[in-house]
Structures are given as structure tokens and as C-alpha cells.
Protein chains: 2
Amino acid sequence: MRETQDAPETFTPRQRAVLDRALELLLEGGERALTTAGLARAARCSKESLYKWFGDRDGLLAAMITHQASKVRAQIDDGAALDLARFRAHLMDFANDLLQVLGGDVSLALNRLAIGQASREGNRLGELLIERGRRGIDKRAGALLEAGRRRGFIIYDDRDAAYHTLYGLIVRDLHVRMLLYEAGARQPEKFAALAEEAVEQFFVLFGVRENMKAIPA
Amino acid sequence: MRETQDAPETFTPRQRAVLDRALELLLEGGERALTTAGLARAARCSKESLYKWFGDRDGLLAAMITHQASKVRAQIDDGAALDLARFRAHLMDFANDLLQVLGGDVSLALNRLAIGQASREGNRLGELLIERGRRGIDKRAGALLEAGRRRGFIIYDDRDAAYHTLYGLIVRDLHVRMLLYEAGARQPEKFAALAEEAVEQFFVLFGVRENMKAIPA
DNA sequence: ACAGAACCGTACCGTACGGTACGATCATCC
DNA sequence: GGATGATCGTACCGTACGGTACGGTTCTGT
């Protein structure tokens, strides 16, 4: 259908400014507040330009996702000089970053947008969100786990399964509850404690102690 | 604002039939397919009746949630004659039921609806979904865990924390990925294996063995 | 059998939004 | 300085939807 989908799809500074304004509107009032006329007024551009740049409204939403994803590039960890303490610290960093990202305003708003949009027009937005957002996180975590396994700090049969367990230990049911605006679900000040406990539990499940090995299966 | 909110809010058979039809429309085409005119046509009723029964469109959506919740009443487990095997089986049942519910068509559609609607009109739908859906699940799991702890099968300091960990081990990141229609995320045939592994891991974290106690903290 | 209520089907209204068209304005380049 | 192209602001169009009104029909209770 669309041919410009897999391209890097870079934007001009003006377009990026407009996309940032669009994100603000989305944060303030949800999807319904993000109308073409409203965005044109807020960003001081013409509707005609919006359609010229992004094609249609769905193209605009997709552009917002790729634009946001391009801002938060996850850094890849260096595999140098990895001892157990550093490995544990890296896991903690990952857990904290994950909670920080998933609990961020923009991420929550974009996820709400994509989820609400799902089931209509296929699910381009959902795919985009996963492709440009989660993929990076998954790869970073996968590389980290693999490094830890090679050094003998942890043991597992299925890396994906181990990663998903780690993810579950960290995020629990927080993501959906935050997406639903559940009162009290979003408490960033507790993220550090959650991350700490999750990594602790992950080591109980997959860590290699000197005397006993906790093999999940 | 609304006074009929906390009432049991029972519906006539005709109204329930209409609500069922509304759920079907929502499943087929998402929120956009659920218009008052469309529902009136599909359910062979008049729009006037819809507004008389449910007030407005948001009232209709809320009624759909309470209606659906009234159908899947979670049975509470009897605490009689609980040995370790039965406790473990109960946990397995809970895990399977949880995955079954969260992965069900109706649950996913209603969650998408509530999440997409969130941030506008407060978040009545999200609250309703949590109140009438998750609350029951939480209570059932809480009672189950407490029974297991009293019998000495598991140990924990904070029941909520233990429950959330159990939830995370079971659901992982599946819920959001299913909400996003991620390809391959929804595979009900694998739910049993996931439940099995989750319960296994939960016992590693919180279970009490004869010789060693795995205390998470 | 009759009255009254509930309900159906349809028509109608106002509005809001996506998308297009067009003249005016501004920047750029020769 | 003048032509060219991009962009702005605004006006406009069609449509779809939420919500209301109303006449005709069916159901219910007496």
C-alpha cells in the first residue's frame, strides 16, 4: 500500500517542530484533541502543509511515532570487562530505563493512541510502535543476557523466555494499569525499588550460585 | 456526577441482547464501528431506546463493561482440605484463567476501548474495567495466596508484592502486545505452558522447601 | 376491548472533522 | 528585481456521527 514505510523517513526541522507540537496536543487532550485543524493552528502551519508532508491523518500519527522513536535511541552496552557486579548493575540500569520509558508521558500517550487505533486500518501504528520502540529495548536486553550467560553469571535454555520473564518481573501489571490511568498506578518514585526487587528475583530464578543452580525447568 | 454508578445496575433481557450485539460490533470493527445508528440497526432497536436506556454513548460503553463483567463471575475457591498439590493446582488454574481472560476477544476489545478512551471524560471506563474486572481476579488471587501462606506452602512479607510478581510471571508482556495486535503475540495454545512455567518460577521465589527457604529479600 | 406505555423506524438537526482549493505572503535563487 | 516555489491563513465541501423528535406499531395490564 504505502511505499515510504520502511525508509528511514527523516524530517526537516520545521516538520520536527510540528511533530513535537502534535505530541504536546496528544499529551494534553488525547487522540480527540489531535485534529488537523487544531494542530495547524497550534503549530502555525497550514493544513495543506500537513497533508503535503504526511499524506493523511494516519501518516501524521505514524510520523509522530517514528519521530519520537528517533529521539530516544537506546544506547548499546559495551561488553567490556564484565564482572558480576557490573552485570548486575547493567540489569538494574535496564530495569530502571524500562520502567522510566514505559511510564513516560509520551510513551503512554503513543501506546494509548496505537491501542485505540488498533483493529482499524490493520495496525500500522502498533507495528510501528513495536518496530521502532520495543525492538531496540529487546535487542539491548537480549545482548545483555547473552553476555551474562557467556560469563556464567546466569543460565537459561531459551533466551527469549528468560527475557520475557525478566520483563514480567520488572513491569508486572504496571503498564496496562498506567495505560488505563488507574489511580496510584503511576508512581515513578517507586520505580527504583521495583527494579531492584525484579533483578533480585531474576537472579534467584536464573542466577548461578557457587553451590546450587536454580534451573527453572 | 452520575448517581446510578455504584448500583448493581441490572438490565432487562432485551437490553442484555442489545449489549451483546454491541459487543459483537465492537469485536468486528473496533470502536469506530460501534455507532448508535449502527447498533440500532444491528440490534433492531431504535436510537431513542438506546438513549433512554443508557443515557448517552458513554453510558452505553459503560453498560457494555458492566454487562460483560456480570457474565464472567470468578468463582471463589473453597479453602477446604488444601494440601500442597491442590494449592499448586489452584495456582495453575488461576494462571490459566488469567491468561484465558486477558487473551479473550471481548476482554481485549473492552481494554482497547477503555485505553483509547482514557484521558478524556476522566477515565470512567478504565475505572469500571478495573473495578468490575480486575478486582475480582485480584481478590481471588489474594485469598489463594493467603491460604497458601497460612498452610506454610509459601512465604512472603507483602502479599500485594507477591501477587504482582505472580501476575508478572504469568502475563509477562503478553497483554500489551495482544492489545497492540502484535503478530504472533496471541497464541492461546501456549497458555498452558506459560502458566506451568510461571507457577514453577513462583514457587522458586516464594515456595518453602524442607531444607532451604528462598526468601526474595 | 381499550388505554397507556414501551418501542420501532425514520427523518431530522447541529456540529465537528478530514480533506481540498485558493489567494496572499515569504524565502530563495538567478 | 523579478520569477519560482514553498508555506500560510482561511474558506469551503462532504460526510459521518451524536442526539432529538415524531408518527406508527406492538405489548401489557385491566
Side-chain angles (χ1 to χ4, degrees), chain A residues 1-2 4 10-26 28-65 67 112-114 116-117 119-122 124-125, chain B residues 1-2 4 9-26 28-65 112-114 116-117 119-122 124-125:
Chain A
M1 309 298 178
R2 290 167 183 277
T4 65
T10 178
F11 301 111
T12 70
R14 177 81 178 111
Q15 290 168 358
R16 283 195 289 269
V18 170
L19 291 175
D20 278 328
R21 199 76 191 80
L23 282 174
E24 291 178 34
L25 289 181
L26 183 67
E28 291 169 15
E31 194 215 323
R32 310 287 291 232
L34 187 59
T35 67
T36 53
L39 175 58
R41 197 177 330 110
R44 315 281 315 216
C45 70
S46 68
K47 289 174 65 174
E48 198 171 23
S49 297
L50 290 180
Y51 284 97
K52 179 178 181 179
W53 293 334
F54 309 113
D56 56 5
R57 186 172 186 273
D58 287 309
L60 170 67
L61 302 182
M64 289 169 63
I65 291 180
H67 170 55
R112 288 191 194 102
L113 178 66
Q117 223 73 2
S119 90
R120 102 175 186 243
E121 161 151 26
R124 275 185 50 225
L125 293 188
Chain B
M1 310 300 176
R2 291 167 182 276
T4 64
E9 196 150 5
T10 178
F11 301 111
T12 69
R14 177 79 178 111
Q15 289 168 359
R16 282 196 289 270
V18 171
L19 291 175
D20 279 328
R21 199 75 191 83
L23 282 173
E24 291 177 34
L25 289 182
L26 183 67
E28 291 169 14
E31 194 216 323
R32 311 288 291 233
L34 186 60
T35 67
T36 53
L39 175 58
R41 197 178 331 111
R44 315 281 315 216
C45 71
S46 69
K47 289 174 65 175
E48 199 171 23
S49 297
L50 291 180
Y51 285 98
K52 180 178 181 180
W53 294 334
F54 309 114
D56 56 5
R57 187 172 186 272
D58 287 308
L60 170 68
L61 302 182
M64 289 169 64
I65 291 180
R112 287 191 195 104
L113 178 65
Q117 223 73 1
S119 90
R120 101 176 189 243
E121 161 151 26
R124 273 185 53 224
L125 293 188

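We use all heavy atoms of the structure for the numbers below, so side chains are in, but hydrogens, waters and symmetry mates are not. We name chains A, B, ... by the order of the sequence lines, and we start the count at 1 in each one. Predicted model, so just to flag it, every value in this text is computed and none were measured.
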To the nearest 0.5 Å, what is the distance between CG (A:L23) and NE2 (A:H67)? 6.0 Å
Hey, can you pull the residues of residues 15-25 of chain A with a non-hydrogen atom under 4.0 angstrom from DNA chain D? none
Find the distance between CG (A:L50) and CG (A:L60) and round it off to the nearest 0.5 Å. 6.5 Å
How would you list all residue pairs meeting salt bridge (charged side-chain N to carboxylate O under 4.0 Å, His left out) that involve residues 31-40 of chain B, not counting sequence neighbours? B:E31-B:R57
Tested for side chain to side chain contact (heavy atoms under 4.5 Å, CB included) against A:L61, the lone hit among A:D56, A:L113, A:L26 is A:L113
Taking N or O atoms only and anything under 3.5 Å, show me the protein contacts with nucleotides 13-19 of chain C, one pair per line.
residue: C:dG18; atom: OP1; partner: A:R57; partner atom: NE; Å: 2.6
residue: C:dG18; atom: OP2; partner: A:T36; partner atom: N; Å: 3.0
residue: C:dG18; atom: OP2; partner: A:T36; partner atom: OG1; Å: 3.1
residue: C:dG19; atom: OP2; partner: A:Y51; partner atom: OH; Å: 3.3
residue: C:dG19; atom: OP2; partner: A:R57; partner atom: N; Å: 3.0
residue: C:dG19; atom: N7; partner: A:K47; partner atom: NZ; Å: 2.8
residue: C:dG19; atom: O6; partner: A:K47; partner atom: NZ; Å: 2.5

I'd like to check A:F54 versus A:L19 (side-chain heavy atoms, cut-off strictly below 4.5 Å). Are they in contact? yes
Residue pair B:V18 / B:L39: nearest heavy atoms and the distance that separates them: O-CD1, 3.8 Å
Under 3.5 Å, N/O pairs linking protein and nucleotides 25-29 of chain C:
none

Separation between CG of B:D20 and CG of B:L25, rounded to the nearest 0.5 Å: 11.0 Å
Which parts of residues 38-46 of chain B get close to DNA chain C, meaning a heavy atom less than 4.0 angstrom away? B:R44, B:C45, B:S46
What closest approach, in Å, do A:A43 and A:R14 show between heavy atoms, and which atom pair accounts for it? O-NH2, 3.2 Å
Pairing residues for A:E24 by the side chain to side chain donor-acceptor pair (under 3.5 Å) criterion, not counting sequence neighbours: A:R21
Minimum heavy-atom distance B:A22-B:L34, with the two atoms named: O-CD1, 3.6 Å
Would you list the pairs meeting side-chain hydrogen bond (donor to acceptor under 3.5 Å, both in side chains) in which at least one residue belongs to residues 35-49 of chain A, sequence neighbours left out? A:S46-A:S49
To the closest 0.5 Å, what do you measure between CZ (B:R16) and OG1 (B:T10)? 5.5 Å
Check this one for me: any side-chain N or O of A:W53 less than 4.0 Å away from OP1 or OP2 of D:dT7? yes
May I ask you to verify if any side-chain N or O of B:R14 is less than 4.0 angstrom from the OP1 or OP2 atom of C:dC8? yes
Using only heavy-atom distances, decide whether a donor-acceptor pair under 3.5 angstrom links the side-chain of B:E48 to the base of C:dC7. no
